[in-house]
Amino acid sequence: MTERTFSIIKPDATRRNLTGKVNAVIEDAGLRIVAQRRIKMTEAQAKKFYEVHAERPFYGELVEFMTSAPVVVQVLEGENAVARYREVMGATNPAQAADGTIRKLYAESVGENSVHGSDSIENAKIEIAQFFTDADIVG
Ligand code: GDP
């Protein structure tokens, strides 16, 4: 089934000029980038985006990291895009990520792990709506 998922290329990756390299892995995996924008996340945006983690000990650090440099927010489209992108990203902790995944290739640590991808179709819809309107997405 053709689906859409939400992706973020995180500050550790934009800082190292890896946007193109990350996008190459995404496209080589058969996912199409149907919307993309480079932004500096505000503290309010980052807090809202990660509010499910508000009680976790790393929440403050995570919000600080996500607002520390530009990010690239994206909508990806393809067959089973949500699960496919999770596969392409690799495990949260790069030490546990499989070979060839974005996090194995580029992530620096469990916190500074280069990319975000939605974990369900429902969350993908919510996350996409936080950053894009329908008119921004050209499939
Ligand atoms: P994901 O779905 O693979 O991104 O992982 P989670 O939903 O569990 O965590 C969300 C994000 O929080 C991760 O991608 C990391 O950037 C950050 N994070 C998770 N665990 C830790 C941690 O132990 N320490 C820090 N600093 N950040 C973490």
Side-chain angles (χ1 to χ4, degrees):
M1 193 182 55
T2 300
E3 286 172 4
R4 284 176 178 170
T5 192
F6 179 71
S7 162
I8 305 177
I9 303 178
K10 294 184 179 181
D12 66 285
T14 63
R15 221 182 252 130
R16 288 175 289 149
N17 246 5
L18 293 173
T19 299
K21 288 203 166 81
V22 170
N23 279 348
V25 179
I26 290 169
E27 293 186 332
D28 286 348
L31 293 166
R32 188 174 298 278
I33 301 162
V34 294
Q36 174 168 260
R37 186 187 311 123
R38 181 173 162 106
I39 60 165
K40 185 89 189 307
M41 251 195 210
T42 64
E43 190 181 329
Q45 278 177 318
K47 279 186 166 160
K48 176 158 183 261
F49 186 74
Y50 279 119
E51 76 191 345
V52 294
H53 294 305
E55 302 310 318
R56 307 282 281 276
F58 56 81
Y59 181 62
E61 205 178 303
L62 180 57
V63 169
E64 197 176 316
F65 166 59
M66 292 301 291
T67 56
S68 67
V71 299
V72 178
V73 290
Q74 306 176 308
V75 180
L76 310 181
E77 188 177 88
E79 277 293 299
N80 303 312
V82 171
R84 180 79 185 115
Y85 190 44
R86 297 287 298 182
E87 223 172 76
V88 170
M89 285 164 46
T92 309
N93 184 344
Q96 273 132 40
D99 283 348
T101 61
I102 293 168
R103 285 167 166 169
K104 175 71 171 197
L105 286 166
Y106 301 121
E108 302 197 295
S109 66
V110 66
E112 308 212 352
N113 58 4
S114 302
V115 280
H116 165 85
S118 309
D119 62 5
S120 67
I121 295 178
E122 191 193 356
N123 282 338
K125 288 199 175 116
I126 294 167
E127 292 173 0
I128 288 168
Q130 197 183 331
F131 294 95
F132 293 102
T133 66
D134 285 348
D136 296 325
I137 304 168
V138 184

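The first residue in the sequence is number 1, and the count goes up from there. For ligands, and for the atoms within them, numbers begin at 1 and follow the listed sequence.
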With heavy atoms of [X] as the reference, note each atom of ligand 1 found under 4.0 Å away.
X	value
Asn113	13 (C), 14 (O), 15 (C), 16 (O)
Leu62	12 (O), 16 (O), 17 (C)
Glu61	26 (N)

To check you understand the geometry: which heavy-atom pair defines the closest contact between Gln45 and Lys40, and what is its length?
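Taking every non-hydrogen atom into account, OE1-O, 4.1 Å.
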How far apart are the closest heavy atoms of Asn80 and Glu3, and which atoms are they?
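Heavy-atom minimum between the residues: C-OE1, 3.4 Å.
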Are Phe6 and Phe131 an aromatic pair by the rule of ring centers under 6.0 Å?
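Between Phe6 and Phe131, the centre distance is under 6.0 Å.
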Backbone of Val75 reached by a side-chain donor or acceptor of Arg4 within 3.5 Å:
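Answer holds: no.
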Flag, side chain of Asn123 to backbone of Ser120, donor-acceptor distance under 3.5 Å:
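Absent.
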Glu108: side chain to side chain contact (heavy atoms under 4.5 Å, CB included) partners, not counting sequence neighbours:
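For Glu108 the side chain to side chain contact (heavy atoms under 4.5 Å, CB included) partners, ignoring immediate neighbours, are Asp12, Arg16, Glu112.
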So which of [options] gets nearest to [atom], if we judge by its closest heavy atom?
atom	options	answer
atom 25 (C) of ligand 1	Phe58, Phe65, Tyr50, Phe49	Phe58
atom 2 (O) of ligand 1	Glu112, Glu64, Arg86, Lys10	Arg86
atom 27 (N) of ligand 1	Gly111, Ser109, Ala107	Gly111
atom 4 (O) of ligand 1	Arg103, Met66, His116, Met89	Arg103

In terms of residue, atom name and distance, what is the protein heavy atom nearest to atom 1 (P) of ligand 1?
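Of every protein heavy atom, Thr92 OG1, 3.6 Å lies nearest to atom 1 (P) of ligand 1.
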In the protein, which heavy atom is nearest to atom 15 (C) of ligand 1, and how far is it?
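Of every protein heavy atom, Val110 O, 3.3 Å lies nearest to atom 15 (C) of ligand 1.
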Determine whether the side chain, the backbone, both or neither of His53 has a heavy atom under 4.0 Å from any heavy atom of ligand 1.
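For His53, only side-chain atoms sit under 4.0 Å from ligand 1.
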Using a 4.0 Å heavy-atom cut-off, say whether Asp119 meets ligand 1 through its side chain, its backbone, both or neither.
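For Asp119, there is no contact with ligand 1 at all, from either part.
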If you measure from the Lys or Arg side-chain nitrogens to the Asp or Glu carboxylate oxygens, is any gap between Lys48 and Glu51 under 4.0 Å?
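No, no charged N to carboxylate O under 4.0 Å.
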Hey, could you give me the CD1/CE distance between Ile121 and Met1, rounded to the nearest 0.5 Å?
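Nearest 0.5 Å value for the CD1-CE distance: 4.0 Å.
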